[in-house]
Amino acid sequence: HPIITLNQITKVYTNGTVALQDLNLAIPESQFVSLVGPSGCGKSTVLRLIAGLGRTSSGSIDWSITQQARKLAFVFQDAALMPWANVRENVRLPLKLARMSKKDSQKLVQETLELVGLEGFEENYPRQLSGGMKMRVSIARALVTQPNVLLMDEPFGALDEITRSKLNGDLLNLWLQQRWTVVFVTHNIYEAVYLSNRVLVMGISPGRIVADVEIDVPYPRDD
Ligand code: ADP
Ligand code: ADP
């Protein structure tokens, strides 16, 4: 059953841009759904509205879980790491902000670093890391909060094809273990088809869903 339902969403920005019009979308729990479509069709707007960053102009977003049970994490194209902090400190940041003690967060941070392939890089600073490794840190910083919904906005958009394909493989393996609900924005249709259970193609002027395609995945699914 859906964890998130977007009902007749319209988003008009204050400058008059109609970013989304009458958008309906139900996302089942543990689905990996990709949003693809031309620049400006409203993909980021959908993610931001799901994240609660900005209001809908009309329509509603309904959740099947309470606000307390809802643990969202956001990953952007720009890894946005703290340059003065090493990998371990960057990943610990959300736990620190949630006032978890260093002692309590230590194990969780280390497990998460290992999960995303950053063991051995704990002491490195962002400037010493490649783009792909920086993105791993950014993903670790999201996963350390143990989210049930992962929102990703072009996370691999700035990476070369080889790094992107390696990270895609690792992300898919992680998803197969963890089964978060994922909403993944990408320009890359191949990436969307490789990763997702479902691809939503969006169209422009106004932003809306023009195709909703289930992907027949080669691994077992619960539904
Ligand atoms: P809202 O209509 O939801 O109140 P605003 O119009 O206040 O949003 O814009 C929020 C922020 O987004 C502003 O800082 C604005 O400069 C920025 N922004 C404006 N136009 C765009 C755009 N086309 N794409 C991305 N961000 C934009
Ligand atoms: P996408 O992620 O598909 O590129 P966006 O959701 O960023 O699309 O933008 C959808 C439309 O809304 C675009 O026309 C964009 O310029 C506009 N837009 C996005 N953010 C803002 C903002 N804060 N203020 C005004 N217009 C915006």
Side-chain angles (χ1 to χ4, degrees), residues 2-28 31-63 70 72-81 131-132 134-136 138-139 141-143 147-161 163-165 167-168 171-172 175 180-215:
I3 182 170
I4 314 163
T5 308
L6 284 72
N7 297 307
Q8 289 289 113
I9 299 290
T10 294
K11 173 68 184 178
V12 185
Y13 284 102
T14 45
N15 67 358
T17 305
V18 183
L20 299 173
Q21 191 164 302
D22 297 327
L23 186 129
N24 290 298
L25 171 61
I27 302 173
Q31 189 169 62
F32 196 130
V33 52
S34 288
L35 301 180
V36 301
S39 186
C41 68
K43 303 182 295 294
S44 300
T45 300
V46 170
L47 275 197
R48 288 200 296 265
L49 292 175
I50 291 173
L53 305 169
R55 292 173 181 214
T56 60
S57 306
S58 65
S60 65
I61 299 179
D62 298 331
W63 290 81
R70 218 176 289 164
L72 297 159
F74 218 129
V75 178
F76 302 93
Q77 176 171 330
D78 178 357
L81 305 179
K134 279 185 202 154
M135 191 43 65
R136 286 178 192 274
S138 174
I139 291 171
R141 187 182 52 196
L143 298 185
N148 43 28
V149 179
L150 194 52
L151 304 171
M152 306 183 93
D153 197 348
E154 289 269 0
F156 309 140
L159 304 177
D160 63 84
E161 276 309 313
T163 306
R164 182 195 276 257
S165 114
L167 281 169
N168 275 335
L171 177 61
L172 184 54
W175 179 82
W180 326 276
T181 305
V182 184
V183 188
F184 187 94
V185 165
T186 180
H187 276 103
N188 189 318
I189 186 77
Y190 301 102
E191 178 172 80
V193 170
Y194 174 75
L195 287 170
S196 313
N197 310 131
R198 181 183 184 191
V199 177
L200 297 170
V201 183
M202 293 184 65
I204 204 163
S205 306
R208 65 201 189 286
I209 294 170
V210 295
D212 184 346
V213 186
E214 295 274 341
I215 306 290

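All values derive from a computational prediction rather than experimental measurement. All ligand and atom numbering here is 1-based and tracks the order in the structure. Numbering starts at 1 and runs along the sequence shown.
Both the backbone and the side chain of T45 come within contact range of ligand 2, each with a heavy atom under 4.0 Å. Of the heavy atoms in R48, only side-chain atoms (C-beta onward) come closer than 4.0 Å to ligand 2.
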Mind running salt bridge (Lys or Arg N to Asp or Glu O under 4.0 Å) on R198 and D212 for me, showing each step along the way?
CA-CA 7 Å; R198 181 183 184 191; D212 184 346; 2.7 Å; yes
What verdict does the side chain to side chain donor-acceptor pair (under 3.5 Å) test give for N24 and Q8, after you've listed the backbone C-alpha separation in whole Å, the side-chain angles of each residue and the deciding distance to 0.1 Å?
CA-CA 5 Å; N24 290 298; Q8 289 289 113; 2.7 Å; yes
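T186 and N188 share no side-chain donor-acceptor pair at under 3.5 Å.
Considering backbone and side-chain N/O of A19, none are found under 3.5 Å from N/O of ligand 2.
For atom 8 (O) of ligand 2, the choice among S205, G42, S44 with the nearest heavy atom turns out to be G42.
Within ligand 2, the atoms closer than 4.0 Å to a non-hydrogen atom of N15 are 25 (C), 26 (N), numbered from 1 in the order shown.
In this pair, W175 and F32 present their aromatic rings perpendicular. The plane angle is above 60°, beyond the 30 to 60° band.
Exactly one of T181, L72, L143 qualifies for a side chain to side chain contact (heavy atoms under 4.5 Å, CB included) with L150. That residue is L143.
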